[in-house]
Amino acid sequence: MSAVIPRHRVNVLTGIKSARLIEDPVEYANLIKKAKRPLLVVGPLLLASTADGKILMEYALDIAKACNIPICATAQTKGKIVELGVQPDSVYDVVEIVNALKDPDWKGVKKEGNHDLVILFGIRSDLGNQSLSTLKHFAPHLRTMTLCKHYFPHANYSLPNFKKDAKWLEFLESLIANLKKGG
């Protein structure tokens, strides 16, 4: 596997540890299923629609529902989530949730204990990269993963750069199907 160049080039090639690139939705699903207390942090990029008219937020909600993952709404996403019939477990600014996640004694969004896997989905790339860098360096008690269509080197697990939305959406559909299988 060759090195992956991130789409965003804001000082992301520093350090010695970078994301493990995962292209297999089954492997991604297994990583999510292994987590004891995952958290899905959704951002405003999920408010966009796909070519077939489906809102990207629907993929996030399907993923959360498949594994009973708590949802943290950021920016202006809460309104759309509620409109789609789901109540988010928490509403934070991205910087606030990252600061809370850094604290190993934080009780989490459901007050059941800190999260062990944080999944970022739909966060602007520069903010996502900085958030992941912060968690990589200051929250060794948790793992991070992204579901965005671009590679994020500061995550523990990241998708590759999908040049075509159709391939990315196909990955998300397969991920959801594998999460629903249980196991």
To the closest 0.5 Å, what do you measure between [atom1] ([X]) and [atom2] ([Y])?
X: Lys34; Y: Cys67; atom1: NZ; atom2: SG; answer: 13.5 Å
X: Lys80; Y: Leu61; atom1: NZ; atom2: CG; answer: 10.5 Å
X: Ile176; Y: Ile63; atom1: CD1; atom2: CD1; answer: 4.5 Å
X: Thr144; Y: Leu39; atom1: OG1; atom2: CG; answer: 12.0 Å
X: Leu56; Y: Lys149; atom1: CG; atom2: NZ; answer: 8.5 Å

Looking at every non-hydrogen atom in both residues, tell me the closest pair between Ala64 and Leu40 and how far apart they are.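 Distance-wise, the nearest heavy atoms are CB-CD2, 4.0 Å.
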Would you check if [X] and [Y] make a side-chain contact, meaning some heavy-atom pair closer than 4.5 Å?
X: Tyr59; Y: Thr50; result: yes
X: His137; Y: Ser133; result: yes
X: Glu83; Y: Lys78; result: no
X: Ile123; Y: Val41; result: yes
X: Met145; Y: Val118; result: no
X: Asn114; Y: Arg37; result: no
X: Thr77; Y: Leu46; result: no
X: His115; Y: Leu101; result: yes

Qualifying salt bridge (Lys or Arg N to Asp or Glu O under 4.0 Å) pairs, either residue in residues 46-69, two or more places apart: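 Qualifying pairs, neighbours excluded: Lys54-Asp62, Lys54-Glu173.
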Tell me, please, which residues at least two apart from Asp89 pass side-chain hydrogen bond (donor to acceptor under 3.5 Å, both in side chains).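 Per chain and number, Asp89 pairs via side-chain hydrogen bond (donor to acceptor under 3.5 Å, both in side chains) with no residue.
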Under a 3.5 Å distance rule, please check whether [X] uses its side chain to pair with a backbone N or O of [Y] as donor and acceptor.
X: Trp168; Y: Asn161; answer: no
X: Ser158; Y: Leu21; answer: no
X: Tyr151; Y: Ala19; answer: yes

Verify ring pair (Phe, Tyr, Trp, His ring centres under 6.0 Å) between Tyr28 and Phe171, making sure each step is shown before the conclusion. CA-CA 10 Å; Tyr28 235 61; Phe171 177 93; 5.6 Å; yes
